[in-house]
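Notes follow once the structure below has been shown.
The shown structure was predicted, so the numbers you read here are calculated from the model rather than taken from an experiment.
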Amino acid sequence: MTRSYGNKEITFAALAGVLYAFFGLLHIVEGLGIDTGMAGLLFIPGDILGGFCLLVIGAVFLNGLREMLQGINAGVSFVYVGILMSLIFMAVYLLIMGGNLLDSFLVPDDYEGWSVMESFRPGIYLGLLSLIGILYWKDSFSSNEVLVFLEGA
């Protein structure tokens, strides 16, 4: 059974996948010590493992996009998982940001000259894209469309 998805769902999966992969690569490149000139502007730290996480999320979205373009029902599952992963990483980054902010009030000497924006990460604003996507398409994406085959059934 196949389904053709609308342009909005496909555009969302493509945009999210490309952005996550792009920012993941920038994280990794900055982590390797190569100055891209975009690190300060886009709040990208040199973080190889964080970049790898963003690359994985991007790959999940892009795999969902590939299957959606082929009309495979399971493609939407990859988009759901990509959204879930991105929202979890956004929550983790927000908790780290809040913890650093709280720590700056408790131990102000250790945080002289520090700004809360130093804890800001692309996972936060990319997670907002996923939040908007899931709120916009919450009725459009349906788990009833995904077929599950049980072995021996």
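- Summarising the geometry, atom OH belonging to Tyr111 is positioned 9.0 Å from atom CG belonging to Leu106; distances are rounded to the nearest 0.5 Å.
- In terms of heavy atoms, Met90 sits closest to Leu128 at SD-N, 3.6 Å.
- A pairwise comparison of heavy atoms in Gly75 and Met68 identifies C-CG, 3.9 Å as the closest pair.
- Hydrophobic clustering (ILVMFWY, side-chain heavy atoms < 4.5 Å, transitive): Ile28 and Val60 are in distinct clusters.
- Atom CZ of Arg66 and atom CG of Asn63 lie 4.5 Å apart (nearest 0.5 Å).
- Contact record, Leu19 with Leu129: CD1-CD2, 4.1 Å, taken as the closest heavy-atom pair.
- Transitive grouping of hydrophobic side chains (ILVMFWY, heavy atoms separated by less than 4.5 Å) brings Val56 and Val79 into a common cluster.
- Between Gly50 and Asp47, the shortest heavy-atom contact is N-OD1, 3.1 Å.
- Under a hydrophobic-cluster definition in which Ile, Leu, Val, Met, Phe, Trp and Tyr are linked whenever side-chain heavy atoms come within less than 4.5 Å, directly or via other members, Val29 and Phe52 are assigned to different clusters.
- Within the model, atoms CD1 of Ile124 and CD1 of Ile96 stand 8.5 Å from one another, a figure rounded to the nearest 0.5 Å.
- Of all heavy-atom pairs between Ile57 and Gly82, the closest is CG2-O, 3.9 Å.
- Hydrophobic clustering (ILVMFWY, side-chain heavy atoms < 4.5 Å, transitive): Ile83 and Val81 are in one cluster.
- The ring of Tyr80 has its center no closer than 6.0 angstrom to the ring center of Phe61.
- Grouped with Leu49 in a hydrophobic cluster is no other residue, since no side-chain heavy-atom contact under 4.5 Å to another Ile, Leu, Val, Met, Phe, Trp or Tyr is found.
- Here the CZ atom belonging to Phe105 is positioned 12.0 Å from the CG atom belonging to Asn100, to the nearest 0.5 angstrom.
- A 4.5 Å side-chain heavy-atom check between Phe89 and Tyr20 finds every atom pair outside the cut-off.
- Note that CZ of Phe12 is 4.5 Å distant from OG of Ser130, once rounded to the nearest 0.5 Å.
- In the hydrophobic cluster analysis, where Ile, Leu, Val, Met, Phe, Trp and Tyr join through side-chain heavy atoms closer than 4.5 angstrom, Ile48 is grouped apart from Phe23.
- Annotation: the span from Ile134 atom CD1 to Leu87 atom CG amounts to 7.5 Å, rounded to 0.5 Å.
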